[in-house]
Amino acid sequence: MNSFEKLKELIAATEADATAFYAKGNKAAGTRLRKAYMEIKNLASAGRNEVTELKNKEAK
């Protein structure tokens with residue numbers, strides 16, 4: 001559940017940058033948004049591995 005909570009926090013923290021980039025055209029916010037997307041990708045992958053590991057432990 002740790003990865004899921006971190007993912008939610010990151011998305012909430014990134015919302016201001018997304019608004020600044022898409023609505024106002026702020027290029028620096030776009031750079032921060034791209035960085036956040038990469039972190040989201042990595043956290044999603046870690047969360048997927050976490051779920052798979054827990055599922056396999058319960059199956060044994």
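Just so it is clear, the structure is predicted and the values come from calculations on it, not from any experiment.
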[Y] reachable from [X] in the ILVMFWY side-chain graph, under 4.5 Å edges:
{"X": "Phe4", "Y": "Leu54", "answer": "no"}
{"X": "Tyr22", "Y": "Leu10", "answer": "yes"}
{"X": "Val51", "Y": "Leu7", "answer": "no"}

ask   = Do side-chain atoms of Ser45 reach the backbone of Lys41 as a donor and acceptor pair under 3.5 angstrom?
value = no
query = What's the spacing between Lys35 NZ and Thr14 OG1 if we round to 0.5 Å?
reply =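 The distance works out to 10.5 Å.
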ask   = Of Lys27, Arg32, Arg34, which is the lone residue that meets salt bridge (charged side-chain N to carboxylate O under 4.0 Å, His left out) with Asp17?
value =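 Of the listed options, the one satisfying the test is Arg32.
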query = CD of Glu5: more than 12 outside heavy atoms within 6.0 angstrom?
reply =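 More than 12 heavy atoms, drawn from other residues, nucleotides or ligands, come within 6.0 Å of this atom.
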ask   = Considering residues at least two apart in sequence or located in another chain, which fulfil the side chain to side chain donor-acceptor pair (under 3.5 Å) criterion with Ser3?
value =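 Expected list: Glu50.
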query = Which pair of heavy atoms, one from Leu33 and one from Phe21, lies closest together, and at what distance?
reply = CD2-CD2, 4.2 Å
